[in-house]
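Predicted model, so just to flag it, every value in this text is computed and none were measured. Because only heavy atoms are used, hydrogens play no part in the values below, and waters and symmetry mates are left out as well, while side chains stay in.
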Amino acid sequence: MTDPKRHNLPVNADRIAEDIDALAGITDPGHPWTRRAFSPLFLEGRAYIDARMKAAGLETRIDAAGNLIGRRAGAKPGLGTILVGSHSDTVPDGGRFDGIAGTIAALEVARSLKDRGIELDHDLEIVDFLAEEVSIFGVSCIGSRGMTGQIPEAWLSRMSGDRTLSQGIAEVGGDPSVLLSQKRPDLAGFLELHIEQGPVLEAENKDIGIVTAIAGITRIEITVEGRADHAGTTPMDRRADALVAASRLVLDIRQRAAEQAKTPGHFAATVGEFRIEPNAANVVPSKVVLLIDGRAEIRGDMEDFLTWIDGEVKTIAADYGVTINTPVRVSDNMPTPGAPVLLETLERACETVGAKHRRMASGAGHDTAWIAKVAPAAMIFVPCKEGRSHCAEEWAENDDIAMGAAVLFEAVRDMDKNLKQNRE
């Protein structure tokens with residue numbers, strides 16, 4: 001995009017590009033862009049961000065949960081903290097902008113405030129959350145959960161190789177001994193910028209997506225049990241083929257999800273894991289275990305889907321002569337709406353900088369969902385090329401990230417004024 005307004009923003013686009021490029025260079029050479037949490041490369045990236053925070057005049061620390069935080073004191077101590085940021089860890093082979101764009105955009109807000117000599121009444125903190133992506137310990141959003149006292153104690157004993165998550169947190173500078181009691185009652189509000197990870201903004205030529213809600217994620221495990229028989233001698237009409245029944249279920253799930261996706265509110269369902277036994281060419285499959293990933297912006301949509309699943313498995317079991325267990329909810333998280341006051345703040349900020357914007361839901365999970373449980377929180381999306389993410393081809397134009405950073409800049413100034421007025 002070449003809109004002239006992008007060259008009159010209150011942030012420095014070149015500085016943003018420099019930092020994102022520098023972090024991109026800190027990667028596993030054979031697997032760009034890989035910088036997974038708890039790895040030496042992750043700590044190298046952290047050291048770079050820490051140095052840039054200090055250069056911006058921020059006082060840095062690692063909190064008990066292993067989050068890197070840069071603090072800028074406000075003019076009125078005790079008024080509260082405005083928190084802005086994202087994460088710098090990546091998934092394997094993909095993450096040149098996912099998380100990193102939001103972390104650097106937040107840092108740029110602090111730098112631009114300093115450049116312009118603007119003092120906030122609230123404290124401002126820029127955060128790089130630990131392990132937003134699924135980590136080597138098999139769990140995600142460790143930093144945002146841990147910052148706000150929402151990390152399950154059992155997680156600290158989870159193993160990766162010969163070390164526990166507790167040891168991993170300590171190795172990045174956290175303090176597991178006080179982690180479970182860590183709280184942040186000072187948080188006045190939180191904002192996060194992220195690439196969209198979808199094609200909508202690019203297709204509609206919009207600058208900013210204002211996230212109305214982060215979809216709830218429900219994972220459902222279903223086991224289909226048939227009977228193992230010889231593949232060459234068992235008549236076709238005398239088989240209890242678990243794979244055939246499971247295949248019908250997968251297709252029905254796809255069809256049902258497509259129908260629900262046409263209704264208001266984001267909805268998606270995917271069978272992403274599929275295990276078959278005995279997995280031999282000459283044996284009729286005796287067992288299939290599948291895992292459904294369902295995501296809904298509106299909780300009622302997920303409840304309708306779960307009710308449908310319960311009925312569908314009974315129908316398929318009868319049609320194919322197999323046994324299907326009652327679907328098991330492996331995990332079930334509620335949708336997280338953005339704080340209305342901050343959605344309005346972000347819309348005003350978009351108008352101030354001239355950003356074309358629309359409201360939209362997030363089908364992916366983010367750290368914002370956990371901060372929102374203890375403080376007002378909201379997030380914005382910026383476009384990414386063809387909606388690609390979690391892959392080496394992930395790309396976002398720097399002008400688009402700079403526009404997002406400008407929206408954050410204006411939103412932080414608005415929050416400083418209006419959150420203060422709401423408290424007084």
Looking at [Y] and [X], is any side-chain nitrogen of the basic one under 4.0 Å from a carboxylate oxygen of the acidic one?
X: E125; Y: R184; value: yes
X: E312; Y: R256; value: no
X: R36; Y: D89; value: no
X: E347; Y: R359; value: yes

Are any of the side-chain heavy atoms of [X] and [Y] separated by less than 4.5 Å?
X: M302; Y: F267; result: yes
X: V172; Y: L43; result: yes
X: T345; Y: R348; result: yes
X: F97; Y: N398; result: no
X: I100; Y: R35; result: yes
X: F129; Y: M147; result: yes

Listing request: all salt bridge (charged side-chain N to carboxylate O under 4.0 Å, His left out) pairs with a residue in residues 45-57, at least two apart in sequence or in separate chains.
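Non-adjacent pairs meeting salt bridge (charged side-chain N to carboxylate O under 4.0 Å, His left out): E18-R52, D19-R52, R46-D128, D50-K54.
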
Can you tell me which residue pairs pass the salt bridge (charged side-chain N to carboxylate O under 4.0 Å, His left out) test with a partner in residues 373-392, sequence neighbours excluded?
R388-E393

Straight-line distance of [X] [atom1] to [Y] [atom2], nearest 0.5 Å:
X: L68; Y: R61; atom1: CG; atom2: CZ; result: 9.5 Å
X: W155; Y: I169; atom1: CH2; atom2: CD1; result: 10.0 Å
X: R299; Y: T218; atom1: CZ; atom2: OG1; result: 5.0 Å
X: T81; Y: L120; atom1: OG1; atom2: CG; result: 11.0 Å

Could you work out, with side chain to side chain donor-acceptor pair (under 3.5 Å) as the rule, every residue matching N333, not counting sequence neighbours?
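For N333 there are no side chain to side chain donor-acceptor pair (under 3.5 Å) partners, ignoring immediate neighbours.
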
Checking I316, V328, V289, V313 against I222 for side chain to side chain contact (heavy atoms under 4.5 Å, CB included), the one that qualifies is V313

Looking at T27, L23, I26, which one forms a side chain to side chain contact (heavy atoms under 4.5 Å, CB included) with E44?
I26

Let's go through K206 and D400 carefully: what are the C-alpha distance in whole Å and the side-chain angles of both, what is the deciding distance for salt bridge (charged side-chain N to carboxylate O under 4.0 Å, His left out) to 0.1 Å, and is it a yes or a no?
CA-CA 10 Å; K206 299 290 187 184; D400 291 334; over 6 Å; no

Full working for salt bridge (charged side-chain N to carboxylate O under 4.0 Å, His left out) between K356 and E204
CA-CA 10 Å; K356 294 176 289 185; E204 295 185 358; over 6 Å; no

Go through it in stages, so that I can follow the logic: the residues are E277 and S286, the test is side chain to side chain donor-acceptor pair (under 3.5 Å), and I'd like the CA-CA distance, side-chain angles, deciding distance and then a yes or no.
CA-CA 6 Å; E277 296 178 10; S286 61; 5.1 Å; no

